[in-house]
Amino acid sequence: MTVDAQVPHVLDVRGLSKVYGEGETAVHALRDVDFSVRRGEYVAVIGQSGSGKSTLLNVLGCLDAPTSGRYFLEGLDVAQLDERQQSVMRNRQIGFVFQAFNLIPRTSALANVELPLIYAGLGRRRRRERALAALELVGLHGRSDHRPNELSGGQQQRVAVARALVTGPALLLADEPTGNLDSESTTDVLALFDGLHRSGRTIVLITHDDEVAARAERVVVVRDGRLTEASPRRARAW
Amino acid sequence: MSPVEIVRFAVRGLIANRLRSLLTMLGIIIGIAAVILLTALGNGASQFIQGQIAGLGANSITIIPRQPPDSAGTDGRPLSAADARALADPQGAPDVASVSPVVTVPASVDAGRASSDATVIGSTPTYFSGANVQLGSGRVYTEADVEAGRKVLILGRTVADDLFGAGSNPLERDVLVRGVPFRVVGVLAPAGEGQGLSNPDENVLAPITAVQGSLTGFGDLGQIVVQARSTEAQAAAESEINSILDRRHGIDDPELRDFQVISARQLADVLDQTLSAFTLLLAAIAAISLVVGGIGITNIMLVSVTERTREIGIRKALGAPPSAILGQFLVESIILSLVGGVLGVAVGFAGTLVPLGDFRPVVLPAAVVAAVGVSAGIGIFFGAYPARRAARLRPIDALRRE
Ligand SMILES: Nc1ncnc2c1ncn2[C@@H]1O[C@H](COP(=O)(O)OP(=O)(O)O)[C@@H](O)[C@H]1O
Ligand SMILES: [Mg+2]
């Protein structure tokens with residue numbers, strides 16, 4: 001599947017840099033990164049540990065602010081948005097899946113999936129319907145009353161995916177979503193992303209795993225804070 | 001995001017940490033209960049003492065003889081009928097309404113086989129209003145009775161009960177006072193214990209002339225009861241009494257007086273001062289316990305924010321606006337302090353149902369309103385800092401925290 005150049009950018013990053021700390025101990029996690037993703041693309045981000053992949057994704061998810069450079073999400077300059085407006089972006093435009101699942105403890109799967117809809121201001125009935133539909137999509141319809149500690153790692157990550165996509169965000173971001181999973185669960189979760197991609201979702205996914213990267217239609221490599229495009233074939237070899 | 005959802009999040013957060021929430025609340029419960037209880041104690045004590053003073057008769061002044069100090073070099077002069085007459089002079093003592101000379105003598109009162117130990121008080125009809133003694137049935141003795149020296153008697157309630165049975169109404173019965181026959185013409189209303197300085201229920205009242213003629217002889221007075229024209233005139237009446245008696249007894253140094261003027265007003269003044277100091281102390285204690293409770297809330301909310309930093313990060317990543325995080329933690333602390341406040345009011349009320357000695361604590365409605373208001377205020381004030389800290393966290397900083 002190739003992406004038409006006419007399709008608009010969901011995200012567009014220009015000259016992005018991120019420096020942690022100051023002076024001698026400063027770490028340049030991102031250096032002058034240009035990066036854009038079109039609607040419907042499935043992009044894998046690969047690179048060695050400590051190369052800056054998570055830093056990039058956190059900026060894309062509006063969880064962290066860059067040191068310099070500009071970030072347009074759905075055409076909006078994120079740096080110009082105040083804290084409340086950014087929270088609206090995180091809620092409506094972005095679905096974030098973490099390596100560590102990050103479900104709210106002692107809270108049922110259904111309540112976890114409903115949470116973004118509560119912040120979106122949806123009424124009780126509609127958010128229940130949509131949360132149940134999202135759980136059904138990830139194959140956990142029967143587990144909606146289970147708490148995180150009553151679910152396997154793969155199931156927890158599927159709840160997290162349901163939670164990320166329940167608001168219908170423009171962009172799905174996943175930071176090593178299979179990093180904590182066994183191979184069987186990895187297959188399940190990757191199949192889920194494949195399905196989401198086929199249904200038209202825009203996905204940016206960080207991975208260590210060549211096999212995972214191979215499923216994406218486009219692969220970018222982060223090396224020492226710099227980002228380069230790689231062909232799927234090269235990615236496989238990497 | 002609706003306020004209902006914020007409250008639901010807050011309640012869930014509190015229930016998830018049941019024990020901790022309860023212990024935090026305990027600080028507020030104790031603080032509020034202390035405020036209610038201590039102010040009720042102060043109020044109850046004040047009402048009790050005001051009742052006692054009212055029992056003395058608001059305008060009543062009693063003069064009793066006193067042994068002057070050794071430095072006076074004399075035993076002093078007793079109170080005399082002439083002293084009483086001098087006090088009744090409207091020129092010298094314009095603020096005095098009435099003067100009642102009083103003689104008292106302990107006596108056994110007998111009716112058939114029954115006997116009662118009583119104090120006989122001989123005086124004039126003005127004594128009843130002057131000493132604030134209430135008649136229950138029958139009549140009081142009159143000026144004519146006093147002039148004629150008639151042996152008529154008014155029984156205190158306890159004496160009537162002893163002689164004729166509980167609740168009896170022995171009008172026109174004859175009794176013997178130290179063997180001297182008197183006719184009962186009235187019975188006093190029950191005064192109850194603790195009213196005034198002595199217990200009127202154990203007294204019998206008769207015309208002063210009859211008591212002197214048959215029991216004590218026409219000698220000195222035991223006391224003089226004076227009624228001031230009004231409560232406001234009481235201080236003036238007291239100084240008139242002092243100057244008249246000083247002159248008559250040849251006294252120029254108040255320290256060396258051979259008489260003492262006692263009034264409800266003096267008592268009230270002393271007690272008022274003591275009570276306001278007492279109430280201030282109680283209020284200070286209560287305020288301290290409230291502040292301690294409030295600091296407890298801040299402490300727990302800070303712990304709660306720290307402990308749930310990661311959860312705050314997750315919520316922010318999912319799009320929780322700062323106001324939702326702020327609201328959640330602020331509402332948590334308000335619920336803690338409000339529920340604590342309401343429980344504290346309940347505990348305080350329950351505490352006031354326990355009578356303490358002679359008096360009951362009386363809850364001040366203002367204290368309840370203030371306590372609940374203050375507890376809500378504490379929730380907002382002491383919860384605001386931790387809640388703001390939570391709301392301001394950067395999502396990524398919150399998520400990185402373990
Ligand atoms: N909060 C931080 N403070 C300081 N340095 C950081 C912080 N987060 C990440 N880094 C550094 O930035 C670089 C990139 O980190 P990261 O983006 O997490 O890499 P990756 O996800 O590719 O493994 C690393 O050298 C890391 O040590
Ligand atoms: Mg990483």
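Reckoned from all heavy atoms, side chains included, excluding hydrogens, waters and symmetry mates. Every chain is numbered from 1 and lettered A, B, ... according to where its sequence line falls, protein lines coming before strand lines.
Within the 4.5 Å cutoff, the side chain of A:Arg163 has heavy atoms near those of the B:Ile314 side chain. At least one side-chain heavy atom of A:Tyr119 sits less than 4.5 Å from a side-chain heavy atom of B:Arg315.
Residue with the most contacts toward chain A among B:Arg8, B:Arg308, B:Arg12: B:Arg8 (heavy-atom pairs, distance under 4.5 Å). Contact count versus chain B (heavy atoms, under 4.5 Å) is highest, among A:Pro116, A:Ala164, A:Pro169, for A:Pro116.
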Does the salt bridge (Lys or Arg N to Asp or Glu O under 4.0 Å) test come out yes or no for B:Glu5 and A:Arg124, once each step is laid out? CA-CA 10 Å; B:Glu5 297 296 344; A:Arg124 207 180 242 272; 5.6 Å; no
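Here CG of A:Asn58 is found 8.0 Å from CG of B:Leu399. Values are rounded to the nearest 0.5 Å. The distance from atom OG of A:Ser54 to atom CD1 of B:Ile396, rounded to the nearest 0.5 Å, is 8.0 Å. In this structure, the separation between CG on B:Asn17 and CZ on A:Arg106 is 6.0 Å, given to the nearest 0.5 Å. With rounding to the nearest 0.5 angstrom, the CZ atom of B:Phe9 is 4.5 Å from the CG atom of A:Leu115.
Residue A:Leu103 touches chain B through its backbone alone, counting heavy-atom pairs closer than 4.5 Å.
Counting only residues at least two apart or in different chains, side chain to side chain donor-acceptor pair (under 3.5 Å) contacts with residues 387-396 of chain B comprise A:Asp64-B:Arg394, B:Tyr385-B:Arg389.
Counting non-hydrogen atoms of other residues, nucleotides and ligands closer than 6.0 Å to CZ of B:Phe381 gives a total of 12 or fewer. Atom CZ of A:Arg128 has 12 or fewer heavy atoms from other residues, nucleotides or ligands within 6.0 Å.
Taking non-hydrogen atoms and a 4.5 Å limit, the residue list of residues 73-102 of chain A in contact with chain B, ordered by number, reads A:Glu83, A:Arg84, A:Ser87, A:Arg90, A:Asn91, A:Phe98, A:Ala100, A:Asn102.
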